[in-house]
> 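Provided herewith is a single structure, encoded as structure tokens, for subsequent inquiry.
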Amino acid sequence: MYISEKIVSAPCDFNSRFVTNLVHSLLEMKSSPYIATIDKVVNAKSILGLLSADIRKGTDICLQIIDAYSQEKADKCLIELTEAIFGDV
């Protein structure tokens, strides 16, 4: 199991529209993406999980990718997750 992670500051509030667009862009990802805050870790493919995390603009979040196949694939998926979050702003 390979893990790739990165800590970033949330570019905007994770409201329903942003979360829906983010989840739709991640659905085809084979790896398991997670977003962690200080007190909660949620699956990045879960609309309800992301909304329940109550992530606001400027909050430090940890982006994590767990992949069973290779570190390179985990790193590539982390880049896709980062682009999905910062590309929708």
> Please assess L63 against T82 for the test side-chain contact (heavy atoms from CB on, under 4.5 Å), listing each intermediate value before the final yes or no.
CA-CA 8 Å; L63 309 177; T82 306; 3.7 Å; yes
> Going by side-chain heavy atoms closer than 4.5 Å, which hydrophobic residues are tied to V41, directly or by a chain of links?
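The other cluster members (ILVMFWY side chains, heavy atoms under 4.5 Å, direct or chained) are M1, I3, Y34, I66.
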> What pairs with I38 under side-chain contact (heavy atoms from CB on, under 4.5 Å), at least two apart in sequence or on another chain?
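I38 satisfies side-chain contact (heavy atoms from CB on, under 4.5 Å) with no residue once adjacent residues are dropped.
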> Going by salt bridge (Lys or Arg N to Asp or Glu O under 4.0 Å), name the residues that satisfy it together with D60, two or more places apart in sequence or in a different chain.
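Checked D60 against salt bridge (Lys or Arg N to Asp or Glu O under 4.0 Å); zero matches.
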> Could you tell me which residues satisfy salt bridge (Lys or Arg N to Asp or Glu O under 4.0 Å) with K45, sequence neighbours excluded, listed by chain and number?
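K45: no salt bridge (Lys or Arg N to Asp or Glu O under 4.0 Å) contacts found.
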> Considering only NZ, NE, NH1 and NH2 on the basic side and carboxylate oxygens on the acidic side, decide whether K73 and D75 come within less than 4.0 Å.
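Result for this pair is no, no salt bridge flagged.
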> Using the side chain to side chain donor-acceptor pair (under 3.5 Å) criterion, which residues pair with S46? Sequence neighbours excluded.
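With neighbours one apart ignored, the set is empty.
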> What heavy-atom pair brings N43 and L50 nearest, and what distance separates the two atoms?
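Heavy atoms of N43 and L50 come nearest at O-CG, 4.1 Å.
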> Is I79 close to K76 at the side-chain level, that is, under 4.5 Å between some pair of heavy atoms?
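No, too far: nothing below the 4.5 Å cut-off.
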> For E72, enumerate each residue passing the side-chain contact (heavy atoms from CB on, under 4.5 Å) test, keeping only those at least two apart in sequence or located in another chain.
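Testing E72 for side-chain contact (heavy atoms from CB on, under 4.5 Å), a comparison that skips the adjacent residues, returns S70.
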> Nearest 0.5 Å, what's the CD1-SG distance between I35 and C62?
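Rounded to the nearest 0.5 Å, the CD1-SG separation comes to 10.0 Å.
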> Roughly how far apart are R56 CZ and I61 CD1, rounded to 0.5 Å?
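Rounded to the nearest 0.5 Å, the CZ-CD1 separation comes out at 13.0 Å.
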> Could you pull out all residues at least two apart from S32 that satisfy side chain to side chain donor-acceptor pair (under 3.5 Å)?
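Result, side chain to side chain donor-acceptor pair (under 3.5 Å) vs S32: none returned.
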> Report yes if some heavy atom in the side chain of I85 is under 4.5 Å from a heavy atom in the side chain of F18; otherwise report no.
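A side-chain contact exists here, since the closest heavy-atom pair is under 4.5 Å.
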> Drop me the distance from L81's CG to E5's CD, to the nearest 0.5 angstrom.
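Reported to 0.5 Å precision, the distance equals 12.0 Å.
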> Could you list all the side chain to side chain donor-acceptor pair (under 3.5 Å) pairs where at least one residue sits in residues 6-20, not counting sequence neighbours?
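Every candidate side chain to side chain donor-acceptor pair (under 3.5 Å) pair involving residues 6-20 fails, so no pair, neighbours aside, qualifies.
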> Tell me, with the steps shown, if Q64 and S4 meet side-chain contact (heavy atoms from CB on, under 4.5 Å).
CA-CA 6 Å; Q64 300 175 332; S4 186; over 6 Å; no
> Applying side chain to side chain donor-acceptor pair (under 3.5 Å), can you list everything that pairs with E80, at least two apart in sequence or on another chain?
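For E80, no residue satisfies side chain to side chain donor-acceptor pair (under 3.5 Å) once neighbours in sequence are set aside.
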> Report the residues that fulfil side-chain contact (heavy atoms from CB on, under 4.5 Å) with K40, sequence neighbours left out, ordered by chain and then residue number.
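K40 satisfies side-chain contact (heavy atoms from CB on, under 4.5 Å) with T37, V42, S52, A53 once adjacent residues are dropped.
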> If you define the side chain from C-beta out and look only at heavy atoms, does anything of I65 sit under 4.5 Å from Y2?
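The answer is no, as the side chains (C-beta and beyond) never meet within the 4.5 Å cut-off.
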> May I ask you to test the D54-F14 pair for a side-chain heavy-atom distance under 4.5 Å?
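Side-chain contact under 4.5 Å: no.
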